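Because the structure is predicted, anything quoted here is derived from the model rather than measured. Chain identifiers are assigned alphabetically (A, B, ...) following the order of the sequence lines, protein sequences preceding nucleic acid strands; residue numbering begins at 1 within each chain.
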Amino acid sequence: MSWTDERVEQLKAMWTEGQSASQIAKSLGGVTRNAVIGKVHRLGLSNRAAAKPAAPAPEPKAAKPVIAPEPVAEPAPEPQPRVEPVAAPKPIPSPTARREPPPPTPAMVEDAQRTAQALAAMEKKAKRLNLLELTERTCKWPIGDPATDNFFFCGLACQPGKPYCEAHVAVAFQPMSSRRDRDRNRNRSAGGFR
DNA sequence: CCCTGATTCGC
DNA sequence: GCGAATCAGG
């Protein structure tokens, strides 16, 4: 494979998007991550921050004996994306409805909201890998609608032995013990099978 | 061990 | 120009 205009174009796009060299290599196909990195350097876009025309201040090396405090720019607080507070249980008297579903306890609602928020926040950090880019150690948590072109997988580093990253493992493998209303089922004991 | 980018240097 | 090998680091 050679660096056709198209391939170079994709390389530039993905690199400026923040994709890793190995991811780009996989996506392009026929090249290794080394090849990608080499090309990146030859193209002179090794510094991803170069996306901004703003000169990074040439730093007048002439005379600067004093190390100024240099107030670093704050990343900004960024308020968490508030998830719509779940509305109160709708008492919709559906004609076909037979029995009222188990009323969610306030604790359950809060819990759901928390995980929902956490999940929403994570979708931003996701590496957005497609199916072919997944490996045995990339988080396979799906994000988006599979029927859409806007579908991808989390792709962050897997938790050892797990199919998901740490955060997604947390929501995927919630211990049964957290369900504190288990002793309620004591009633129909034995039952089992026959 | 998995991964990342950076650099070198023979081709 | 290219990229494998290597280096340095997380």
Side-chain angles (χ1 to χ4, degrees), chain A residues 1-64 67-81 114-146 148-175:
Chain A
M1 280 287 175
S2 59
W3 287 111
T4 64
D5 287 10
E6 283 189 8
R7 291 165 67 78
V8 171
E9 193 177 346
Q10 187 182 347
L11 166 57
K12 286 180 180 176
M14 293 183 73
W15 183 260
T16 31
E17 266 178 44
Q19 298 283 299
S20 73
S22 62
Q23 285 166 17
I24 296 172
K26 284 178 187 174
S27 185
L28 285 171
V31 287
T32 65
R33 73 180 197 92
N34 279 318
V36 170
I37 292 173
K39 187 61 179 176
V40 161
H41 280 235
R42 267 170 258 127
L43 289 173
L45 35 67
S46 58
N47 188 353
R48 279 169 168 161
K52 305 170 185 176
E59 275 320 323
K61 307 161 190 164
K64 192 178 180 183
I67 303 175
E70 290 286 357
V72 179
E74 288 287 327
E78 181 184 341
Q80 279 295 316
R114 304 194 79 186
T115 56
Q117 278 187 181
L119 251 40
M122 289 199 59
E123 295 191 3
K124 295 175 182 174
K125 294 179 182 176
K127 309 203 75 175
R128 299 185 165 234
L129 301 186
N130 64 44
L131 188 57
L132 299 178
E133 293 170 330
L134 287 177
T135 74
E136 294 84 41
R137 56 193 72 78
T138 54
C139 180
K140 297 161 192 65
W141 190 272
I143 297 175
D145 188 342
T148 315
D149 58 331
N150 183 27
F151 176 74
F152 47 92
F153 295 91
C154 172
L156 291 176
C158 262
Q159 205 67 357
K162 299 292 198 328
Y164 306 122
C165 66
E166 182 175 18
H168 283 139
V169 159
V171 305
F173 301 124
Q174 292 181 39

Legend entry - A:E123 CD: over 12 foreign heavy atoms closer than 6.0 Å: yes

Inset, instruction - Please determine if a side-chain N or O atom of A:R137 lies less than 4.0 Å away from the OP1 or OP2 oxygen of B:dC1. - result: no

Legend entry - Any residue of residues 165-173 of chain A with a heavy atom less than 4.0 Å from an atom of DNA chain B: none

Inset, instruction - May I ask you to evaluate whether A:S20 reaches the phosphate of B:dT4, defined as a side-chain N or O under 4.0 Å from OP1 or OP2? - result: yes

Legend entry - Nearest-Å distance for atom pair NZ/P, residues A:K26 and B:dC2: 12 Å

Inset, instruction - Specify the separation, in whole Å, of atom CG of A:L28 and atom C1' of C:dG3. - result: 14 Å

Inset, instruction - Provide, to the nearest angstrom, the distance between the CZ atom belonging to A:R42 and the C1' atom belonging to C:dG1. - result: 6 Å

Legend entry - A:L129 and A:Q23, any side-chain heavy atoms less than 4.5 Å apart: yes

What are the atom names and distances for every N/O pair under 3.5 Å that joins the protein to nucleotides 6-9 of chain B?
| unit_1 | atom_1 | unit_2 | atom_2 | d |
| --- | --- | --- | --- | --- |
| B:dA6 | OP2 | A:H41 | NE2 | 2.6 |
| B:dA6 | N6 | A:N34 | OD1 | 3.3 |

Inset, instruction - Verify, without hydrogens or angle tests, whether A:E133 (side chain) and A:N130 (backbone) share a donor-acceptor contact under 3.5 angstrom. - result: yes

Inset, instruction - Mind calculating the distance between CD1 (A:I24) and C1' (B:dC3) to the nearest angstrom? - result: 15 Å

Legend entry - Contact under 4.0 Å: A:S22 side-chain N or O vs B:dT4 OP1/OP2: yes

Legend entry - Protein-nucleotide distance (A:Q23, atom CD; B:dT4, atom P), rounded to Å: 7 Å

Legend entry - Residues touching DNA chain C, which here means a heavy atom under 4.0 Å, drawn from residues 153-162 of chain A: none

Legend entry - A:F153/A:T138 under side-chain contact (heavy atoms from CB on, under 4.5 Å): CA gap, chis, key distance, verdict: CA-CA 9 Å; A:F153 295 91; A:T138 54; over 6 Å; no

Legend entry - Gap between atoms CD and C1', on A:Q19 and B:dG5 respectively (whole Å): 15 Å

Legend entry - Side-chain touch A:Q19/A:S27, heavy atoms, less than 4.5 angstrom: no

Inset, instruction - Give a yes or no on this: more than 12 heavy atoms of other residues, nucleotides or ligands lie within 6.0 Å of atom CG of A:D5. - result: no

Inset, instruction - Ignoring backbone atoms, establish whether A:K39 has a side-chain N or O less than 4.0 Å from OP1 or OP2 of C:dC2. - result: yes

